[in-house]
Amino acid sequence: TDAPEPDPLPTALGGRPVPTVEDLAREVCRTVKDEPRTAVVWSARASQFQLFLAEVSRISGGCPEMSVLAGDDVTNALTDQQRPWDHFKGLTLFYASHGFAPALATESPEASAFLAAYDRAYGSDRSIRGRALRGDAHVALAWDALRYLAEGIDQAWRTTGRHDERLDRGLVQAVLYQGLGGGGFDGATGWIDAHGAASGGRLTEDKLLAVVRGRSDGSTATEML
């Protein structure tokens, strides 16, 4: 909570409110009809996404196909086996995943360890949801977050001279924010470091970003960036 808010980008796109989902669908369809290469970036809730697609389907004569880039909330809907294509069959959905352990397993011992632990606990679940969660970034990020927390507590405890009574929340919070002494660690989702490390100047290079494409026929393709 003490991190400063970033300054607004002078080149950022402007926006204006649209009063209803119906109005939004009509405006987007009009834009896609004028320029079919238009891509929609969806940053609202997945529940609103379903309503938007249903309305697009109702008026889709002008835009029979649409490409949408979405993020975590829509990814959650997919792992819950919701099918946005049931609302609009012309949808091609791209969604960003900040970490994809299966792609890192051959090079990262931590990603391999995470997948082995996941398979021991949930390998018998062969459902669509079970398979989806194995590669879902949320699960692997939780693994990395708990390891970061554990190592931060250990480091804070060592700075007290290993005196339990001196360990408190403020000391742990300072370590978690400023970064681990070893410069972070290789996690199941890539290199893990702190936002405040080196006063915000230590950046994580080559962070994995997976973009997954899904279509109404059930096909998917994953590209690593």
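Hydrogens, waters and symmetry mates are skipped; everything else that's a heavy atom, side chains included, is used. Positions are given from 1 along the sequence.
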Spatial distance of atom [atom1] ([X]) from atom [atom2] ([Y]) [nearest 0.5 Å]:
X: Arg158; Y: Arg162; atom1: CZ; atom2: CZ; answer: 6.5 Å
X: Leu141; Y: Leu146; atom1: CG; atom2: CG; answer: 11.0 Å
X: Phe94; Y: Leu69; atom1: CZ; atom2: CG; answer: 8.5 Å
X: Ile192; Y: Asp186; atom1: CD1; atom2: CG; answer: 8.5 Å
X: Asp168; Y: Thr160; atom1: CG; atom2: OG1; answer: 9.5 Å
X: Leu91; Y: Asp86; atom1: CG; atom2: CG; answer: 11.0 Å

Looking only at heavy atoms, what is the nearest atom pair of [X] and [Y], with distance?
X: His163; Y: Trp157; result: N-NE1, 4.0 Å
X: Leu176; Y: Leu149; result: CD1-CD1, 3.9 Å
X: Leu171; Y: Ala156; result: CD2-O, 3.4 Å
X: Ala188; Y: Phe114; result: CB-CB, 3.8 Å
X: Ala105; Y: Leu115; result: CB-CD1, 3.7 Å
X: Val56; Y: Cys63; result: CG1-SG, 4.1 Å

Is a donor on one side and an acceptor on the other found under 3.5 Å between the side chain of [X] and the backbone of [Y]?
X: Ser112; Y: Ser108; result: no
X: Asp144; Y: Thr189; result: yes
X: Thr92; Y: Ser67; result: no
X: Glu35; Y: Val32; result: no

Could you pull out all residues at least two apart from Trp42 that satisfy ring-ring contact (aromatic ring centres under 6.0 Å, His included)?
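Expected list: Phe49, Phe52.
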
Excluding sequence neighbours, so at least two apart, what forms ring-ring contact (aromatic ring centres under 6.0 Å, His included) with Tyr122?
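Partners of Tyr122 by the ring-ring contact (aromatic ring centres under 6.0 Å, His included) criterion, ordered by chain and then number, come out as Tyr118.
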
Hey, are the side chains of Glu65 and Pro36 touching, using non-hydrogen atoms and a 4.5 Å cut-off?
no

Heavy-atom side-chain contact between Ile153 and Leu167 under 4.5 Å:
yes

Candidate pair Gln48 and Arg45, rule side-chain contact (heavy atoms from CB on, under 4.5 Å), full reasoning:
CA-CA 5 Å; Gln48 296 172 308; Arg45 293 292 186 186; 3.7 Å; yes

Decide side-chain contact (heavy atoms from CB on, under 4.5 Å) for Leu104 and Glu110; before the verdict, give the C-alpha distance in whole Å, the side-chain angles of both, and the deciding distance to 0.1 Å.
CA-CA 9 Å; Leu104 296 173; Glu110 190 70 13; over 6 Å; no

What verdict does the side chain to side chain donor-acceptor pair (under 3.5 Å) test give for Thr31 and Asp34, after you've listed the backbone C-alpha separation in whole Å, the side-chain angles of each residue and the deciding distance to 0.1 Å?
CA-CA 5 Å; Thr31 303; Asp34 292 342; 5.9 Å; no

One pair to check against side-chain contact (heavy atoms from CB on, under 4.5 Å): Thr38 and Met66. What are the steps and the verdict?
CA-CA 8 Å; Thr38 298; Met66 183 183 297; over 6 Å; no

With a 4.5 Å cut-off on side-chain heavy-atom distances among I, L, V, M, F, W and Y, is there a chain of contacts connecting Val18 to Val28?
yes

Test log, rule salt bridge (charged side-chain N to carboxylate O under 4.0 Å, His left out), inputs Arg26 and Glu22
CA-CA 6 Å; Arg26 279 194 293 272; Glu22 291 82 0; over 6 Å; no

Is there a salt bridge (charged side-chain N to carboxylate O under 4.0 Å, His left out) between Arg58 and Glu55 once you walk through the steps?
CA-CA 5 Å; Arg58 190 179 69 82; Glu55 188 62 26; 2.5 Å; yes

Could you walk me through whether Leu93 and Trp85 pass the side-chain contact (heavy atoms from CB on, under 4.5 Å) test, one step at a time?
CA-CA 9 Å; Leu93 178 63; Trp85 298 276; 4.0 Å; yes

